[in-house]
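Heads up, the thing below is written out as structure tokens.
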2 protein chains.
Amino acid sequence: MLELRLSQGVLLKKILESVKDLLSNVNFGCSSSEGLCLQSMDSSHVALVSLQLIPHSFEFFRCDRNLSMGINLTHLSRLLKCAGNDDVITMKADDRSPDTINLMFENPKHDRISDFEMKLMDIEAEHLQIPDTSYEATVTMPSQEFARICKDLSTIGDTVAISITKEGVKFSVSGAIGNANIICRHNISVVKPEESTIIDMKEPVTLSFPLRYLNSFTKATPLSNIVIVSMSHDLPMVVEYKISGAGHMRFYLAPKVEDDAMEA
Amino acid sequence: MLELRLSQGVLLKKILESVKDLLSNVNFGCSSSEGLCLQSMDSSHVALVSLQLIPHSFEFFRCDRNLSMGINLTHLSRLLKCAGNDDVITMKADDRSPDTINLMFENPKHDRISDFEMKLMDIEAEHLQIPDTSYEATVTMPSQEFARICKDLSTIGDTVAISITKEGVKFSVSGAIGNANIICRHNISVVKPEESTIIDMKEPVTLSFPLRYLNSFTKATPLSNIVIVSMSHDLPMVVEYKISGAGHMRFYLAPKVEDDAMEA
DNA sequence: TCAGGTGCAC
DNA sequence: GTGCACCTGA
């Protein structure tokens with residue numbers, strides 16, 4: 001028996017909004033130790049998405065056996081549009097290779113209960129290596145700031161070079177109409193910590209990434225006020241949104257190598 | 001002489017917004033006993049629309065003879081877009097088979113007066129039987145709630161089964177991605193009566209309807225905080241919006257018969 | 001291509 | 001709180 005009761009339905013709604021453009025059919029995993037998890041390459045097999053909602057995120061959490069559920073995210077997203085932001089969401093599934101999942105939305109205010117039965121799919125499991133390294137450089141900054149920068153720069157060019165130095169983080173783009181550099185300097189706000197830009201660095205690092213993917217990642221902005229961007233030479237970057245007390249959403253993206261940059 | 005002065009012009013604007021997608025050319029009737037009335041089948045001849053604005057709705061009401069005016073709703077809607085929400089609207093027409101109608105919008109705040117003359121049309125009168133029965137089951141609920149449910153469910157499937165039992169009202173849909181049930185339980189709010197869901201039932205009734213039409217009816221949501229849905233076996237349902245102290249807008253829709261349900 | 005919803009600015 | 005503009009889904 002799987003039963004997950006999430007009092008803030010809006011959380012699941014935001015999560016789906018943030019991944020539905022990147023992924024189509026994915027296996028959600030559930031276990032009593034890890035909670036609800038998802039790891040998947042994006043549809044074009046370039047980026048990797050990793051989501052965890054720890055058991056503690058849920059008002060009620062029961063997962064008798066480790067479970068994998070193949071879910072069409074377009075369909076799930078459509079169902080979740082039927083939930084109000086204030087609804088309590090409960091997911092239920094049978095223990096062993098269920099072929100459907102039940103979603104229940106409770107709106108306490110209007111005494112309204114909606115329940116949905118969604119068909120599950122068979123999705124071939126991917127075996128993913130998620131690197132668990134410490135990074136040479138990390139920047140923590142307001143998530144809206146990061147989203148704004150990625151959006152703005154994508155109007156200038158396709159590829160952004162991100163440089164983390166001890167002074168701050170620099171985003172550079174060049175395109176047909178010219179070049180752009182945006183620098184966010186290390187700056188800690190005591191009054192509003194969530195507005196700080198914090199550099200944590202062993203080595204300065206500069207890597208280039210396709211903005212197209214970063215702009216997909218920033219769909220997760222509503223999940224957290226801050227974003228944590230980590231980079232090391234020749235390793236995929238990580239863009240992480242911590243979900244307050246509930247887990248995280250992480251996106252991994254390989255840097256462009258020199259040759260890529262030239263052909264682009 | 002016909003002269004109707006409506007101090008809340010916004011009312012007429014809302015009424016037109018709510019029917020213009022369902023109807024195209026209709027005869028408006030006016031009489032000193034009934035006020036301003038409209039009965040018409042929708043363009044596809046499936047649903048029936050019935051509107052009444054009682055004489056008392058109007059700040060000034062004069063209707064010397066019973067009158068029928070053929071109106072192109074697209075045109076009337078376009079004219080009413082020229083009226084502000086706070087405008088006072090006056091309609092005038094000649095007594096006997098007028099071929100035009102005059103509309104005047106007075107904006108007291110800006111001392112602005114607009115007047116329009118619109119051509120009337122000859123529209124063949126339909127002879128409509130509007131059943132005046134008592135219904136086996138009626139649910140009164142917040143109109144926005146009803147609108148939200150119809151909209152949400154139409155993302156899952158085309159046909160909704162509505163069941164009224166003494167516990168509450170259940171909306172059920174099945175579609176390619178799964179099934180959905182939304183239950184609103186009988187629940188009377190003393191503090192906010194307009195948020196109550198009230199079941200009034202002699203017999204439990206379950207009928208199926210095409211969501212497409214319900215979603216047209218809910219365009220009338222701005223007319224009232226609450227909606228009254230009435231059903232009896234083998235009779236058209238009624239979806240009624242009472243216009244506070246001024247009349248009503250009612251929509252009638254025949255249920256799908258079993259065969260319809262199967263072919264769908 | 002159009003309409004509806006959402007987020008942002010005033 | 002309202003209106004505009006952008007963006008997304010049908």
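Naming: A, B, ... by sequence-line order, numbering from 1 per chain.
Formation of a donor-acceptor pair under 3.5 Å by the B/Lys242 side chain with backbone atoms of B/Leu223 is not found in this model. Checking side-chain atoms of A/Ser57 against main-chain N and O of A/Ala246 turns up a donor-acceptor pair under 3.5 Å.
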Return the polar atom pairs (N/O with N/O) between nucleotides 8-10 of chain C and the protein under 3.5 Å, or none.
none

Are any protein N/O atoms closer than 3.5 Å to N/O atoms in nucleotides 4-10 of chain D? If there are, list each pair with its distance.
from	atom 1	to	atom 2	distance (Å)
D/dG9	OP1	A/Lys20	NZ	2.4

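Ring orientation note: the planes of A/Phe251 and A/Phe217 are close to parallel, at an angle under 30° on the 30°/60° scale.
Listed by chain and residue number, A/Asp21 satisfy the salt bridge (Lys or Arg N to Asp or Glu O under 4.0 Å) test with A/Lys219 (two or more places apart in sequence, or in another chain).
For the pair B/Cys150 and B/Leu211, the tightest heavy-atom approach, listed with the atom from each and the gap, is O-CD2, 3.8 Å.
Using a 4.5 Å cut-off on side-chain heavy atoms (C-beta onward), B/Ile243 and B/Leu11 make contact. A 4.5 Å side-chain heavy-atom check between A/Glu194 and A/Pro142 finds every atom pair outside the cut-off.
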